[in-house]
Q: 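I'd like to ask some things about the structure below.
Any value given below was found using the heavy atoms of this structure, including those in side chains, with hydrogens, waters and symmetry copies removed.
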Amino acid sequence: MALIEILKYPDAKLRQETRRVESFNGELRRLVSDMTETMYAARGAGLAAIQVGSDLRLFIVEATIAGGTQADAPLIFVNPEIVSLEGTQTGDEGCLSFPGIFLPVKRALRCTARAHDLDGCELLATAEGLYARAIQHEIDHLDGKLLVDYAGPVKRRMIKRYMDRREWEVEGQNIRGELDDSPL
């Protein structure tokens with residue numbers, strides 16, 4: 001297992017189109033293992049492959065978000081798609097590609113997503129609340145939509161200026177940056 005650099009906004013790779021996973025093999029398992037280690041090291045709740053520079057259509061979600069325990073492995077969604085959305089909720093969201101930034105985002109309260117697991121078996125996940133929010137957030141990443149897209153034009157410019165000023169250390173684990181002078 002190895003830590004992978006998490007891409008930070010405004011890196012253009014975060015907008016890159018993702019492609020379906022065709023091979024459920026050891027290489028895919030290694031990527032998921034590295035993503036898991038990276039997500040936990042960054043204290044995240046989810047991570048899309050595109051955030052670590054892979055164009056594969058997959059993401060992981062920390063198990064406690066879905067009602068599991070801290071001892072449970074993260075949930076893995078390969079080639080996910082949303083099947084249904086119901087209700088609405090608005091809440092603050094953060095993102096590992098926007099360390100220290102939280103924005104209110106309106107999402108569906110419940111969602112059902114179809115995906116595959118690491119063995120290529122189809123799964124159907126029905127989620128509510130924070131779990132539904134996490135699935136929608138990560139699928140946004142796979143579709144090239146970012147947290148900043150939910151901000152108005154003034155806030156978007158402020159976020160870009162803030163992110164441009166940050167220096168990120170990956171090996172030193174200072175990936176959340178210094179937030180004392182945050183304009184937000």
Q: Do Leu103 and Asp92 have side chains that approach each other closer than 4.5 Å (heavy atoms only, starting at C-beta)?
A: no

Q: Assess the side chains of Ser97 and Gln51: does a donor N or O sit below 3.5 Å from an acceptor N or O?
A: yes

Q: For a side-chain contact (heavy atoms from CB on, under 4.5 Å) check, start with the C-alpha distance between His141 and Cys95, then their side-chain angles and the critical distance, and finish with the verdict.
A: CA-CA 10 Å; His141 273 296; Cys95 179; 3.3 Å; yes

Q: Taking side chain as C-beta onward, heavy atoms only, is Lys8 less than 4.5 Å from Phe98?
A: no

Q: Where is the tightest heavy-atom contact between Leu7 and Asp11, given as atom of each residue plus distance?
A: CD2-OD2, 3.5 Å

Q: Assigning hydrophobic clusters by single linkage (Ile, Leu, Val, Met, Phe, Trp, Tyr; side-chain heavy-atom cutoff under 4.5 Å), is Val52 placed with Ile76?
A: yes

Q: Taking C-beta and beyond as the side chain, do Leu75 and Ile60 meet within less than 4.5 Å on heavy atoms?
A: no

Q: Is a salt bridge present between Asp143 and Arg57, judged by a nitrogen-to-oxygen distance below 4.0 Å?
A: yes

Q: Would you compute the distance between atom CD of Gln136 and atom CD1 of Ile139 and round it to the nearest 0.5 angstrom?
A: 8.0 Å

Q: If two hydrophobic side chains count as joined below 4.5 Å and joins carry through other members, does Leu130 share a cluster with Ile82?
A: yes

Q: Carefully, step by step, assess Val105 and Arg133 under the rule side-chain contact (heavy atoms from CB on, under 4.5 Å).
A: CA-CA 9 Å; Val105 177; Arg133 177 176 294 282; 3.9 Å; yes

Q: Sub-3.5 Å donor-acceptor pair from the side chain of Thr36 to the main-chain atoms of Val32, do we have one?
A: yes

Q: Taking Ala48's backbone N and O only, do any of them form a donor-acceptor pair with Glu138's side chain (distance below 3.5 Å, no angle check)?
A: yes

Q: For the backbone of Thr126 and the side chain of Arg110, can you confirm whether one donor and one acceptor N or O come within less than 3.5 Å of each other?
A: no

Q: If you measure from NZ on Lys13 to OG on Ser54, what distance do you get to the nearest 0.5 Å?
A: 12.0 Å

Q: First locate atom CD of Gln16, then atom CG of Asp55, and finally report the distance between them rounded to the nearest 0.5 Å.
A: 5.0 Å

Q: Consider side chain to side chain contact (heavy atoms under 4.5 Å, CB included). Of Lys155, Lys106, Arg107, which one does Tyr150 pass it with?
A: Arg107

Q: State plainly whether the residues Arg15 and Asp149 are in salt-bridge range, i.e. N to O under 4.0 Å.
A: yes

Q: Using the rule that Ile, Leu, Val, Met, Phe, Trp and Tyr join whenever any side-chain heavy atoms are under 4.5 Å apart, tell me whether Leu109 and Val61 fall into a single cluster.
A: no

Q: Using a strict 4.0 Å threshold on nitrogen-to-oxygen distance, state whether Asp34 and Arg30 make a salt bridge.
A: no

Q: Look at the side chain of Asn79 and the backbone N and O of Ala115, then say whether any donor-acceptor pair between them is shorter than 3.5 Å.
A: no

Q: Rounded to the nearest 0.5 Å, how far does CZ of Arg165 lie from NZ of Lys160?
A: 12.0 Å

Q: Taking all non-hydrogen atoms of both residues into account, name the closest pair between Leu96 and Gly46 and its distance.
A: CD1-O, 3.8 Å

Q: Between Thr69 and Ala71 (side chain of the first, backbone of the second, donor and acceptor by atom type, cut-off under 3.5 Å), is there such a pair?
A: yes

Q: Quick one: do Met35 and Ile50 end up in the same hydrophobic cluster if we chain Ile, Leu, Val, Met, Phe, Trp and Tyr together by side-chain heavy atoms under 4.5 Å apart?
A: no

Q: Shortest non-hydrogen contact from Leu56 to Leu31?
A: CD1-CD2, 4.0 Å

Q: Would you mind reporting whether Val21 and His116 have side-chain heavy atoms less than 4.5 Å apart?
A: no

Q: Taking all atoms of both residues into account, what is the closest heavy-atom pair of Met163 and Tyr9, and its distance?
A: CB-O, 3.4 Å

Q: Please report the interatomic distance OG1(Thr64) to CG(Asp72), rounded to the nearest 0.5 Å.
A: 9.0 Å

Q: Is the number of heavy atoms from other residues, nucleotides or ligands within 6.0 Å of CD (Glu17) greater than 12?
A: no

Q: Compare all side-chain heavy atoms of Pro74 with those of Met39 and state whether any distance is below 4.5 angstrom.
A: yes

Q: For Ala108, does its backbone N or O pair with a side-chain atom of Gln89 as donor and acceptor, under 3.5 Å?
A: yes

Q: Hey, is the main chain of Cys121 close enough, under 3.5 Å, to the side chain of Asp119 for a donor-acceptor pair?
A: no

Q: Restricting to non-hydrogen atoms, name the atom on Asp117 and the atom on Val78 that form the minimum distance, rounded to 0.1 Å.
A: O-CG2, 4.0 Å

Q: Where is the tightest heavy-atom contact between Tyr131 and Ile65, given as atom of each residue plus distance?
A: CB-O, 3.4 Å

Q: Cluster question for you: counting only ILVMFWY and a side-chain heavy-atom cut-off of under 4.5 Å, with indirect links fine, are Phe59 and Leu123 together?
A: yes

Q: Can you tell me how far apart NE2 (His137) and CG (Leu146) are? Round to the nearest 0.5 Å.
A: 8.5 Å

Q: Between Tyr162 and Ile101, is there a side-chain heavy-atom distance shorter than 4.5 Å?
A: yes

